[in-house]
> 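Next up is a structure, given as structure tokens.
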Amino acid sequence: MLRRMPSASQLLVRSASAATLSALWRLAVTFGTYLVLRRFIPPAEMGVWSWAEPLFLLLAQVRDLGVPGHVVRQRERDYAGYLRLQVVWGGVLALLLFAAAPLLALLFEDRDASTVPLLRLLCVFLFVQGLGSVPLTYFEAEQRIERTIPAELLRNAVFAALSLLLAWRGFGVWSIVVAYTVAGAAYSAMLWWWALRRGAGDGDGSAGATLRVARHGSGGSTRMLAAAAWPLMVMSLLENAVLHLDPLLLGLVDEEATAHASLTLFSLFFFSRLIADQVGRALYPALVVAHAQPAQSFELYRIATLFLVTFVVPTSFFFFFNARAAALVLGGPDWVPAGTYLTVAAFVPLVRPLTMFGREYMLVVHRDRLVNLYSLLNLISLGALGWTLVHTELGPLGMAVAGYFPLGVLVLAWGLHRIDSYACRRLFRQLLGLYALGAVLFAPVVLLPAAWTWTRVAVCVAIATLYVALGLVWHRDAYRRFWRGEAARDAAAGKASRTAAGSRSTR
């Protein structure tokens with residue numbers, strides 16, 4: 001008897017549910033860990049980590065060469081080629097960076113004797129993480145993200161326990177770097193163990209044979225894989241450079257300002273990016289499944305975007321009204337000055353709603369060049385304007401101000417409109433409705449005296465909760481149809497009727 005294949009929506013629900021459980025654990029552990037670590041590590045010392053972490057995130061894109069995203073959209077996925085790439089190219093890159101660590105350190109203004117050894121330890125992490133990305137890509141591509149949850153739990157537990165222990169013993173920023181590396185090694189090892197033991201199957205272990213890659217493939221296939229995927233590497237590199245531009249540039253100026261910018265990004269994007277990363281891991285393969293029906297792909301993208309924006313809007317308003325209190329809670333008295341940066345940058349996420357899942361969608365519809373153009377324009381406009389403003393009376397706050405002027409967003413909006421103008425206009429209207437709802441609900445907070453710090457916090461939490469409830473109820477029919485697999489069918493039928501009407505009008 002033939003098994004009924006799950007729809008794209010059903011695949012998304014299953015994987016996104018597993019990813020969300022993992023994300024909730026990660027949210028709680030990471031939030032709590034850094035909450036305590038900032039009590040032990042002041043901004044002036046934390047700055048080097050705030051700069052080094054995004055730097056190595058960019059180097060990880062160079063290590064991967066865009067292959068993970070390309071493997072997911074292959075019909076016959078070349079996991080063997082990807083493993084060889086990580087072993088050979090990942091190892092070579094890690095060794096080169098290890099030797100070039102003194103040169104990398106020149107990119108950080110307040111470097112000292114510990115900067116180079118710290119960077120060299122992160123080179124070890126870069127290689128180990130690359131090895132773990134192979135089984136991770138396998139589970140994501142096969143829509144079995146739930147298989148990664150044990151490794152995720154282990155990684156966060158190891159990081160939390162080890163970093164807090166070392167910080168308590170006075171190791172400062174080294175406590176984060178050492179724990180980060182050890183936890184990454186544990187994560188990679190458990191992913192491989194689970195993949196080879198169980199694979200993506202339901203317990204028979206047969207699918208794990210797919211990852212026993214030593215017997216399969218050739219060097220030529222690896223080169224072809226890298227050649228086909230390199231545009232995705234450029235895309236990821238540009239995108240991550242834009243996301244982490246503030247601490248990367250401020251690292252050339254001032255260590256404490258770098259830490260303040262990092263705390264701001266952590267606060268504004270922590271919850272939304274965590275949701276976006278986890279849902280995106282499930283959304284991308286589901287979009288690949290749905291690619292044969294373009295209307296279904298856009299509908300998946302539209303509803304995922306609305307869902308995430310429902311949480312992003314109240315987050316921005318909350319931090320705008322409670323920035324100094326948030327900095328005090330998140331970091332302690334030494335971190336209160338970061339509240340100014342957080343206030344200025346509070347609404348930056350609202351400028352880029354289309355980008356939250358835009359990369360995944362554009363990859364599936366093969367608009368790679370458009371995404372690269374979008375990211376390149378953002379990098380140039382934000383970098384040039386930010387660097388200029390930093391050298392005015394604004395100082396480091398210039399980077400926060402520059403965040404409101406990403407020119408690439410206009411290109412992305414134009415590209416989405418070209419794909420499906422009706423659905424795109426509908427999405428724009430719905431986003432504006434969510435923004436207006438936030439402005440109306442949070443407007444009374446302006447009347448609260450500045451001295452009522454904790455009262456304002458409590459009121460904003462209550463309003464944010466109300467906002468999320470109203471936002472979910474507002475689009476409940478769309479979410480309900482989506483989870484039942486009806487939304488994509490309705491979208492396809494609606495697009496067909498519009499196309500037929502357009503054809504009649506041109507006769």
Side-chain angles (χ1 to χ4, degrees), residues 52-104 116-117 119-142 148 151 155 177 180-197 199-200 207-241 363 368:
E53 183 186 21
L55 175 63
F56 274 80
L57 287 175
L58 291 179
L59 292 172
Q61 309 307 316
V62 178
R63 177 203 64 204
D64 294 343
L65 296 178
V67 171
H70 180 65
V71 167
V72 171
R73 66 182 185 181
Q74 283 183 314
R75 288 188 176 181
E76 296 183 4
R77 298 180 176 115
D78 188 5
Y79 300 112
Y82 185 32
L83 176 60
R84 284 191 298 273
L85 181 76
Q86 290 294 352
V87 172
V88 178
W89 166 238
V92 169
L93 179 63
L95 288 174
L96 290 175
L97 293 172
F98 190 91
L103 297 178
L104 285 179
V116 171
L119 293 175
R120 283 177 169 162
L121 181 56
L122 286 174
C123 291
V124 176
F125 167 79
L126 187 72
F127 177 69
V128 171
Q129 184 201 44
L131 296 180
S133 69
V134 180
L136 178 63
T137 301
Y138 172 66
F139 286 124
E140 290 178 350
E142 303 299 329
T148 69
R155 176 173 64 177
V177 180
Y180 198 68
T181 304
V182 173
Y187 179 67
S188 296
M190 190 164 186
L191 281 176
W192 271 106
W193 176 81
W194 192 255
L196 294 175
R197 178 173 178 266
T210 306
L211 281 171
R212 295 189 177 95
V213 295
R215 307 172 187 173
H216 304 287
S218 64
S221 67
T222 304
R223 288 191 294 272
M224 289 188 291
L225 186 67
W230 77 266
L232 303 187
M233 184 270 290
V234 175
M235 183 185 303
S236 295
L237 191 64
L238 290 172
E239 182 185 32
N240 279 276
L363 282 177
D368 301 2

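Nothing fancy with the numbering, it's 1 onward along the sequence.
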> Could you tell me whether the side chain of Met233 reaches within less than 4.5 Å of the side chain of Val67, counting heavy atoms only?
no

> Nearest heavy-atom pair of Leu58 and Ala241: which atoms, and what distance?
CD2-N, 3.3 Å

> Ignoring hydrogens, what is the shortest heavy-atom contact between Leu93 and Leu59? Give both atom names and the distance.
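Distance-wise, the nearest heavy atoms are CD2-O, 3.9 Å.
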
> Kindly write out the residues that satisfy salt bridge (Lys or Arg N to Asp or Glu O under 4.0 Å) with Arg63, not counting sequence neighbours, or none if the list is empty.
none

> Just so I know, are the side chains of Tyr187 and Val128 near enough to count as touching, which here means a heavy-atom distance under 4.5 Å?
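A side-chain contact under 4.5 Å is absent here.
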
> With rounding to the nearest 0.5 Å, note down the distance linking OG in Ser188 to CG in Leu131.
6.5 Å

> Do Arg120 and Pro102 come within less than 4.5 Å of each other through their side chains, counting heavy atoms only?
yes

> Once rounded to the nearest 0.5 Å, what's the spacing between atom CG of Leu237 and atom CG of Asp64?
11.0 Å

> Has the side chain of Trp192 got a donor or acceptor atom that lies under 3.5 Å from a matching backbone atom of Val134?
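The answer is no, because no donor-acceptor pair under 3.5 Å joins these two groups.
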
> Determine, step by step, whether Phe125 and Phe56 satisfy the ring pair (Phe, Tyr, Trp, His ring centres under 6.0 Å) criterion, reporting the C-alpha distance in whole Å, the side-chain angles of both residues, the deciding distance to 0.1 Å, and the verdict.
CA-CA 9 Å; Phe125 167 79; Phe56 274 80; 8.0 Å; no

> Whether the side chain of Arg155 engages the backbone of Ala183 through a donor-acceptor N/O pair (distance < 3.5 Å, no angle test) should be reported.
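Between the backbone of Ala183 and the side chain of Arg155 there is no qualifying donor-acceptor contact (under 3.5 Å).
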
> What distance separates Leu191 CG from Tyr138 OH, expressed to the nearest 0.5 Å?
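Spacing of CG (Leu191) from OH (Tyr138) equals 12.5 Å.
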
> Is the shortest side-chain heavy-atom distance between Tyr82 and Leu65 below 4.5 Å?
no

> For the residue pair Pro135 and Ala195, what are the closest heavy atoms and their distance?
CB-CB, 4.0 Å

> With a 4.5 Å limit on heavy-atom distance, are the side chains of Leu122 and Tyr180 in contact?
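Yes; the side chains approach each other to less than 4.5 Å.
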
> Which value, rounded to the nearest 0.5 Å, describes the distance between Leu121 atom CG and Leu126 atom CG?
11.5 Å

